[in-house]
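Heads up, the thing below is written out as C-alpha cells.
Throughout, protein chains are lettered first and strands after them, A, B, ... in sequence-line order, and every chain is numbered starting at 1. Since this is a predicted model, take the numbers as computed values, not measurements.
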Amino acid sequence: MAPVGQACLILALVTCAYGIAASLYGARAGRRDWVASGRRSVYGLALLTSAAFAVLEVAFLRSDFHFDVVATHSSTTTPTFYRAAAAWSSQEGSLLLWVWLLSLWSSLVLFLVRRRLRDVAPYATAVLLGFGAFFTALLVFAVSPFGTVAVAPPEGSGLNPLLRHPSMMIHPPMLYSGYTLWAVPFAFAIGALVVRRVDADWIRATRRFALAAWFFLGIGILLGARWSYAELGWGGYWAWDPVENASLLPWLTGTAFLHSVMVQEKRGMLKVWNVSLVLATGTLAVLGTFLVRSGILDSIHAFGASTLGVPFVSLIAVMIAGSVFLVVSRRAALRSEHRLDSLLSREAAFLGNNLVLVGLAFVVFWGTFFPLISEAVTGTKAAVGPPWFNRYTVPLALVLVLLSGIGPVIAWRRATLANVRRNFLWPTAGALATLGALLAFGVTGSVTALIMFVCAAFVAGVLGQELWRGVGARRAMTSEGPARALVSLVRRNRRRYGGYTVHLGMAVLFVGVAASSAFQHARDVRLTPGGSATVGGYQITYVKPTARVVQRDGGIERIALGAVLDVRRDGRKVGRLHTERGYYPSAAPFASGGLVSGLFEGEATSEVGMKAGLLRDVWTVIQPDPEYLSKVIAGVAQRTADKPVAQQERAVSGLIGVYERGVFPAQFRLLISPLVAWIWLGGLIVFAGGLIALWPAPDAARGRVRAGYAARVAQDLDRA
Amino acid sequence: MDLLAPLIVIVLLGVVVWLVSGPLRTGAGAADEAETARRDDLEAAKEAKYREIRDAELDHRTGKLSAEDWRALDRELRAEAMDLLRRLDELG
C-alpha cells in the first residue's frame with residue numbers, strides 16, 4: 001500500500017497549491033465561489049493526509065518491513081501499543097503527523113468561521129495551506145515515509161526503548177497538536193493584517209483555538225516531564241534540554257498572548273503587542289518542530305541529524321520577515337484606542353505578566369541557542385547548564401506567581417486604594433500566616449522556596465476569596481444554595497473561573513517545583529545484597545537481586561536485571577521498591593558475539609523504583625556494576641557464540657540464574673524528593689481549568705426577542 | 001492488491017475533485033452568503049458584548065468595581081449592545 005500513501009501525499013501537495021491559488025484569487029477578485037473552493041481544499045487536504053496516515057499506521061501495526069520506516073523504527077517484538085506510536089518516533093512519520101493534525105484543525109476552524117470574517121478567512125486559508133504545502137513537499141521530495149525495499153528484512157530494528165513508556169504514546173501528538181493549533185491564530189493574524197481589519201474579531205474567532213493550542217502544548221510538556229522523571233533514570237523532570245525548551249518557548253509567549261488579548265478585547269489596547277506575540281508564537285512553534293527533528297542542538301530528544309535544516313530555516317526566515325513587514329506596514333491601523341489609565345489597574349497587571357512571560361521566553365531562547373551563538377561568535381560551541389537557567393528563571397517565576405494572584409482581583413482602568421484594601425487584605429494576611437507557620441516548622445533551608453510558598457498561599461487566598469464572593473453575589477441575586485450557586489457561577493463565567501483554576505494549578509505546580517528543587521536529598525551508592533544506605537532520613541536496604549527474560553512473539557524483547565529494596569524510616573518499614581535495568585538486543589545480535597553479547601550491546605533503559613506520595617517520593621534506579629557483570633557476560637558469550645539459537649537462549653537463562661543467586665554489587669541512585677506529586681497535581685488542576693475555559697458557553701441568548709432594545713439586552717443577559 | 005492501489009487513489013482523487021469543485025459547479029449564492037456572514041459577525045460581536053456586561057457586573061459584585069464606575073460602564077456597554085441589536089434587526 002506504500003504507493004497509495006505516496007500518491008496521497010502528492011495529491012495533498014497539489015491540493016494545497018490549488019487551494020492557495022483559489023483562496024488568493026477569490027479574495028482579490030471578490031469571488032466567493034473561489035474562496036469556498038479554496039476552503040474546501042483544506043478539507044481535501046485533511047482527507048488525503050488522513051488516508052496517508054492510515055496507510056502508515058497499518059504498516060506499523062502489521063509490522064510490514066517492506067516499509068523502510070517500519071523496519072528501522074519497529075519490530076515484531078515491539079508491543080502493539082507501542083507499534084501504533086512508533087509511526088511518530090521517526091522523522092518521516094512525525095512530519096506526516098504534523099501535517100495531518102494541521103489539516104484537521106484547519107478544517108475545523110475554517111468550517112466554524114465559514115460565514116464569518118469573509119475578508120480575513122481567505123488569506124488565513126492560504127497561510128494554513130502554505131504550511132500544508134511546505135510539510136507535504138518535505139514528505140514528497142525529502143523524507144518520504146513510504147520508501148520501500150523489494151525484499152523485507154525478517155526483523156526490524158525496534159522502537160527506541162526509551163520511548164516505550166505510556167507518556168510517549170500521547171506526548172508527541174499532544175505537542176504537535178499544540179504546535180499545529182498555534183498555526184490557526186497565526187494564520188488569522190496574518191489575514192487580519194493583510195486586510196487591515198485588526199479589531200478583536202479575529203481574536204474572538206480563534207480564541208478557542210489559541211486556548212486549545214496552549215492546553216495541548218501544556219499537556220505535552222507535562223507528559224514529557226513525567227516521562228523524564230519516570231523513564232530517563234536521572235531523577236529529574238526538567239533538564240533545560242534544548243527540545244524541552246523549544247516546546248516551552250511557544251507555551252510562554254502563547255500564555256502571554258492569552259492574557260494580553262483580554263486587554264485588546266476590553267480596551268482596544270496592545271494591538272501591536274498582540275499580533276507580534278501570536279506571530280512570534282506561531283514561528284516558535286515551527287522552530288520547536290525543527291529543533292526536535294534537526295539535531296542541530298545536542299539533545300536527548302533530537303532523534304538523529306537530518307537534512308531538513310535549509311528548508312526549515314528558510315520557512316522560519318519567511319515567517320519572521322513577513323510578520324515584521326506586515327506589522328510595520330500596518331502600524332497606523334494597529335494604534336491603541338486607549339492609553340493606560342493607571343499603573344494600579346488590571347491592564348498594568350497583565351502588561352507586567354506579559355513582560356515577565358516574554359522575559360522568561362527570552363532567557364530560555366538565549367540559553368537554548370547559546371551553543372550556536374557562541375560557535376558563530378567564538379568558533380567554540382559552549383553550552384549553559386541548569387544553574388544558568390535557574391539564576392534568571394527563578395526570580396521571574398516568583399514574580400509571575402505573585403502577579404497571577406494580583407491580576408484576578410484588581411480593577412480594570414484604575415483601582416482605588418479602597419479596592420486594593422478590600423481585595424488584598426485577607427489574602428495577604430493568609431500569606432503572612434503561611435510564612436509564620438513555615439518558619440515555626442523550621443522550613444528555612446531555602447529563601448526562594450519560602451518566597452514561592454508564600455506567593456502560592458497568596459494566590460490560593462485570592463482565588464478562594466474570589467470564589468467565596470462570587471458565590472455570595474450569585475446567592476444574593478438568585479437565592480440558590482451554595483453548591484448550585486457555585487456551579488451556576490462557573491457555568492456562566494467559564495472563561496473567568498477556568499482562568500482562576502489555571503492560576504491555582506500553576507501555584508500548586510510551582511510549590512512542587514520549589515520544594516523538590518530546594519529540599520531534595522540525593523545519593524549515589526554502591527551496594528551488594530544485604531547492604532544499606534541512608535538518605536534524607538530514610539534507610540534503604542538492598543534486599544535481593546532480580547533477573548528475568550521478557551519474551552514477546554517468541555523472541556527475546558529484553559533481559560532485565562534489577563533489585564528489590566526495603567525503605568525504612570525510624571526503624572519502621574514504609575515501602576518496598578523494585579528497580580530494573582532493561583537490556584534490549586542490538587539490531588544484529590548474531591553478528592559478532594552471539595545472542596548473549598548482542599543483548600548487552602543494544603539499547604538499555606532504566607525502570608525506576610518509586611514510592612510516590614503526596615508529601616514525598618522515594619525514588620531509585622539501579623545500574624548493575626559493569627565491571628563484575630561484563631566478565632560473566634563475556635565468558636558466557638565466548639562459550640556460546642557459535643552455538644545454535646536454542647542453546648544460546650538457554651545460556652541467557654543460565655545467566656539470569658547466576659545473577660539472581662550471586663552477590664554482584666550494583667550502583668544505585670537514591671532520591672528523596674518532597675512534593676513532586678504536587679507538580680502532577682498542579683498540572684491536573686491547570687488542565688481542568690483549561691477545560692472549563694474551553695467548554696462552549698450556553699447559547700441561550702441566541703433567541704430573538706421582539707421587545708425594546710434595552711429590554712432585549714436585559715432579557716438575553718438573564719437567560720444566558 | 002495490484003488493482004486495489006490505483007483504484008483507491010482514483011476514488012480519493014475523485015472525492016477531492018468533487019469536494020473542491022463543488023462551489024464552482026453550483027455557484028455560491030454571493031448575496032445571501034454576504035448577509036449571513038454579516039449577521040454571524042454581528043451575533044459574535046453581540047455575544048462578546050454580553051460577556052463584557054456580565055463580567056463588569058461580576059467585578060462590581062465581587063468588589064473590584066465601585067458602584068459609580070460600574071453604572072457608567074454598564075450604561076456604555078448596554079448602549080453598544082443595543083446598537084448591535086439594532087443593526088441585526090436592520091438585516092431583517
Side chain, backbone, both or neither: which part of [X] has an atom under 4.5 Å from a heavy atom of chain B?
| X | value |
| --- | --- |
| A:Arg495 | side chain |
| A:Ala51 | side chain |
| A:Glu265 | both |
| A:Leu489 | side chain |
| A:Arg31 | neither |
| A:Asn423 | side chain |

Approximate separation, where rounding is to 0.5 Å, of A:Arg414 CZ and A:Glu347 CD: 10.0 Å

Approximate separation, where rounding is to 0.5 Å, of A:Leu110 CG and A:Arg39 CZ: 7.5 Å

Toward chain A, the part of B:Asp55 with a non-hydrogen atom under 4.5 Å: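 Its backbone and side chain both get close to chain A.
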
B:Ile8 versus chain A, the contacting section by heavy-atom distance below 4.5 Å: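 Side chain of B:Ile8 only, per the 4.5 Å heavy-atom cut-off to chain A.
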
Which of B:Arg78, B:Arg25, B:Glu52, B:Arg86 touches chain A most, by non-hydrogen pairs under 4.5 Å: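 Ranked by heavy-atom pairs under 4.5 Å with chain A, first place is B:Arg86.
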
Option in B:Val16, B:Val9, B:Val20, B:Leu73 with maximal non-hydrogen atom pairs under 4.5 Å from chain A: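 Winner by heavy-atom pair count: B:Val20.
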
Side chain A:Tyr25, main chain A:Trp34, donor-acceptor under 3.5 Å: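 No.
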
Student check: side-chain heavy atoms of A:Phe53 and A:Thr49 closer than 4.5 Å: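 Contact flag for A:Phe53/A:Thr49 side chains = no.
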
Check: A:Leu129 and A:Ser41 side chains under 4.5 Å, non-hydrogen atoms: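 When only atoms from C-beta onward are counted, A:Leu129 and A:Ser41 do touch, with a gap below 4.5 Å.
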
Contact winner vs chain B - A:Ala473, A:Gly44, A:Ser37, heavy-atom pairs under 4.5 Å: A:Ser37

Axial cation check for A:Tyr43 ring with A:Arg40, 6.0 Å and 45° limits: no

Note: B:Glu57-B:Arg54 ion pair, threshold 4.0 Å (strictly below): no

Carboxylate-amine/guanidinium proximity below 4.0 Å for A:Arg496 and B:Asp59: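 Salt bridge flag = yes for B:Asp59 with A:Arg496.
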
